[in-house]
Amino acid sequence: MSTINVPQLLTQLSLASGYAIESRSFAHYLNENDKLKYLRYEFHYPKMGTLPQVDLSLVNSEDDAIYLCGNSLCLMPRITRDVMNQQFDKWSQMGWFGHIAGNYPWTICDEEICEEIGSIVGAEASEIAMMNGLTVNIHALLTAFYKPTEQRHKILLESRAFSSTHYAIESQIRLKGFDAKTSMICLNPRVGEECLRIEDILDLIETEGDSIAVVFFSGIQYYTGQFFDIERITRAGQAQGCLVGWDLAHAFANVPLHLDLWNVDFACWCTYKYGCSGAGGLAGIYVNKRFEKMEGDRLVGWWGQKFGARFLMNNELDLSLGASGFRLSMPPMMLVMGVIGFLEVYKKTSIEEARKKSIVLTGYLQHLLTHRFTLNAGKISCNLITPTDPEQRGCQLSLKFNVDVSTIWLELTKRGVVCDKRFPNVIRVAPVHYYNNFMDVWRFAHVLKDVILGLEQNGQFDGI
Ligand SMILES: *Cc1c(COP(=O)(O)O)cnc(C)c1O
C-alpha cells in the first residue's frame, strides 16, 4: 500500500481551504470532507453528560464526549441492540427451535460469520473459528502448536507482551514440563528505546532460531502501538524451522491484515477492541490451511467434531477439518450477535478504506500534539513513543510524560475525554476510523493543552 504523506496532505488541504492547520475551522473542514463521516451515526456516541466522572461546571452536558479509548473498548453500534433483541424474541417465542430456525440458527451462528471475519484478516472461512476469549484461545492454539523437544523448546515474545499473553505462554511452558527461565525469550527494546527494531528481532531469530519452537508476537503492540512487520518476521521464523503465531488483539479491524498472503501459521484476537463487539466479546482464531488435518494432542470438545458426528454421542471423535476443529463448546449466541452488530456496520466500508481515514486521522493528531499544542513546551513535557511512520502503527498514539499521569488523566476525564492511562506516565489515545472525527481529535489536543497549562500554573504535578 502506498503511504499517504499526511503532513503534505494537511498542508495542501490547508492551502485549498484557507484555514490554518491548527485552527478549529480546519478540523471542521476535514470533517465535512471525510468520506466515512456517516459511520459515526451508526454508533451510540456518548455525550459529556452521560459519562460518570465529568465535571459539568467545565463542559456542556449536551456536547459529544471526546472518546478516544478504542484501544480498550470501542463504542456500541446502534444496530447491535436490534440484532440481540431479535434473538431474545426468538428465544422467548420458540425456545429450543432457535437452534435450527430463524435468523442465525444458534448451532451455526458462529460459522455464518467466518467468511466476513476472514475477509477482515485476509483468510478463508475454513481457516477461521469464532470461539472463547482471547486468552483461552492462546492456550488452545499453543496446546496444539507448541510441542517442545529438548532441542527446540523456546518461545520468543516481546518483553512487554500483554500480561495475559505473557502468563499464558509461561504456563504453557511449565505445563509441557519445561522451565520458563530457560524456555521463554522475552526480547527487550534497546536501552533508551521503547519500540523493538525489526533488525534486532530478525537477528535473534537467526541466532537462536534452532532452539525456538514458536515465535509469538503481537501484531500491534498494546503499549507502544508499534505495528510489526508480520510478513518478514513470519518468514524469518519459518526459515529457522519455527512456527510463527500472532496475537492480533490490537490489529484486528484496526489495520488491513493478509494472514494467508503472509503465510502466518496461526493467530488469535479479541473483538471488543476495534471489533466493537462489547466487553468480553467473542474471540477469533486463524489456523493456516496447511494445518487443516493437523494431528497431535489439542484441547478437544464436542463442538470441534463434524456436525453430523456431534450428536451421535458415541464417543468416537471425528474432528472438523481446519480451524473449526479447535472449537470446544456450543457458540455463545449473544456474543456472536455482538460481532454481527459490528459486521453490519463494517459492511458499509472496508478495512482498506477505514485505514486510509485512520492514517490521516492519527497523523492529524500527531501533528496537533507535536506542532502546536502541547509537546515539550513547558515543565510538563511528553514524547510520542509510537513510531511516527504510519506504516508502523495503527490508529493509537502512546504519549509518555515526564510526570505521573494520574492528575493529567483525572483532569482530562473531568472534561469528557475518555482515554487510557498506563502507570506511571503513559496515556494512550486511539481515534477510531469507524466513529471518531477530526473535531474529536482537535478538541482532545486543545483540552490536553489546557489541562497541562493549568497544572503547570498551579504546580500540581509529581515528577516520576
Ligand atoms: C486485550 C488483550 C488481551 C485480553 O485478553 P482477554 O482474554 O480478552 O481478556 C490479551 N492480549 C492482548 C495482546 C491484548 O491486547
Side-chain angles (χ1 to χ4, degrees), residues 68-75 110 117 120-121 129-143 145-146 155-172 184 186-187 189 194-196 201 214-228 230 233 244-255 257 259 264 266-286 299 326-329 331-332 334-336 338-339 342 385-386 393-398 418-422 426-430 432:
L68 299 174
C69 203
N71 54 298
S72 177
L73 185 74
C74 271
L75 291 174
D110 59 332
I117 297 290
I120 299 176
V121 299
M130 298 305 292
M131 57 188 215
N132 312 317
L134 171 54
T135 307
V136 179
N137 287 347
I138 295 174
H139 277 294
L141 288 168
L142 287 178
T143 300
F145 283 92
Y146 175 54
I155 299 183
L156 170 64
L157 66 159
E158 319 113 70
S159 65
R160 220 188 260 132
F162 195 87
S163 60
S164 202
T165 313
H166 186 101
Y167 300 145
I169 289 175
E170 199 171 28
S171 62
Q172 279 287 328
M184 195 165 170
C186 302
L187 184 57
E194 299 282 349
C195 291
L196 286 167
I201 301 171
V214 174
V215 176
F216 194 75
F217 266 73
S218 58
I220 292 184
Q221 225 287 337
Y222 85 95
Y223 179 77
T224 61
Q226 180 179 17
F227 181 14
F228 292 111
I230 296 178
I233 295 169
V244 186
W246 292 90
D247 179 340
L248 302 174
H250 284 263
F252 175 73
N254 180 1
V255 292
L257 297 166
L259 301 183
V264 162
F266 62 92
C268 48
W269 56 88
C270 50
T271 59
Y272 51 81
K273 285 163 185 161
Y274 303 102
C276 310
S277 68
L282 191 62
I285 64 164
Y286 162 88
L299 298 182
F326 283 78
R327 291 177 302 168
L328 299 170
S329 295
M334 271 304 158
L335 296 190
V336 176
V339 180
F342 168 68
I385 60 175
T386 308
R393 68 186 185 203
C395 63
Q396 169 191 326
L397 294 184
S398 304
V418 185
C419 64
D420 170 291
K421 61 178 183 303
R422 288 280 150 173
V426 168
I427 282 180
R428 298 183 297 164
V429 277
V432 175

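Residue numbers run from 1 in the order of the sequence given. Note that the structure is a prediction, hence the values are computed from the model and not measured. Basis for what follows: all heavy atoms, side chains included, without hydrogens, waters or symmetry-related copies. Both ligands and their constituent atoms are indexed starting at 1 by order of listing.
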Kindly confirm or rule out an N or O of [X] lying under 3.5 angstrom from an N or O of ligand 1.
X    : result
T135 : yes
T165 : yes
S164 : no

Considering only the protein, which heavy-atom contact is closest to atom 4 (C) of ligand 1, and what is its distance? Y272 OH, 3.2 Å

Nearest protein heavy atom with distance in Å, relative to atom 3 (C) of ligand 1: F162 CE2, 3.3 Å

Find all atoms of ligand 1 within a distance of less than 4.0 Å from any non-hydrogen atom belonging to [X], and give their numbers and elements.
X    : value
H250 : 15 (O)
A249 : 2 (C), 12 (C), 13 (C), 14 (C), 15 (O)
K273 : 1 (C), 2 (C), 3 (C), 14 (C), 15 (O)

Using 30° and 60° as the class boundaries, would you call the ring planes of F266 and F216 parallel, tilted or perpendicular?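 Plane angle under 30°, so parallel.
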
In terms of ring plane angle, is the pair Y222 and F162 parallel, tilted or perpendicular, where the classes change at 30° and 60°? perpendicular

Verify side-chain contact (heavy atoms from CB on, under 4.5 Å) between S218 and Q226, making sure each step is shown before the conclusion. CA-CA 9 Å; S218 58; Q226 180 179 17; over 6 Å; no

Is a side-chain donor-acceptor pair under 3.5 Å present for S398 with T224? no

Verify the distance criterion only: is there a donor paired with an acceptor across the side chains of T386 and Q396 at less than 3.5 Å? no

Does ligand 1 have a heavy atom under 4.0 Å from the side chain of D247, from its backbone, from both, or from neither?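 The part of D247 near ligand 1 is the side chain, not the backbone.
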
For L257 and W246, run side-chain contact (heavy atoms from CB on, under 4.5 Å): C-alpha distance rounded to whole Å, both residues' side-chain angles, the deciding distance at 0.1 Å, then the answer. CA-CA 11 Å; L257 297 166; W246 292 90; over 6 Å; no

Considering all heavy atoms of both residues, which atom of I427 and which atom of C419 are nearest to each other, and what is their separation?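 The answer is CG2-SG, 3.7 Å.
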
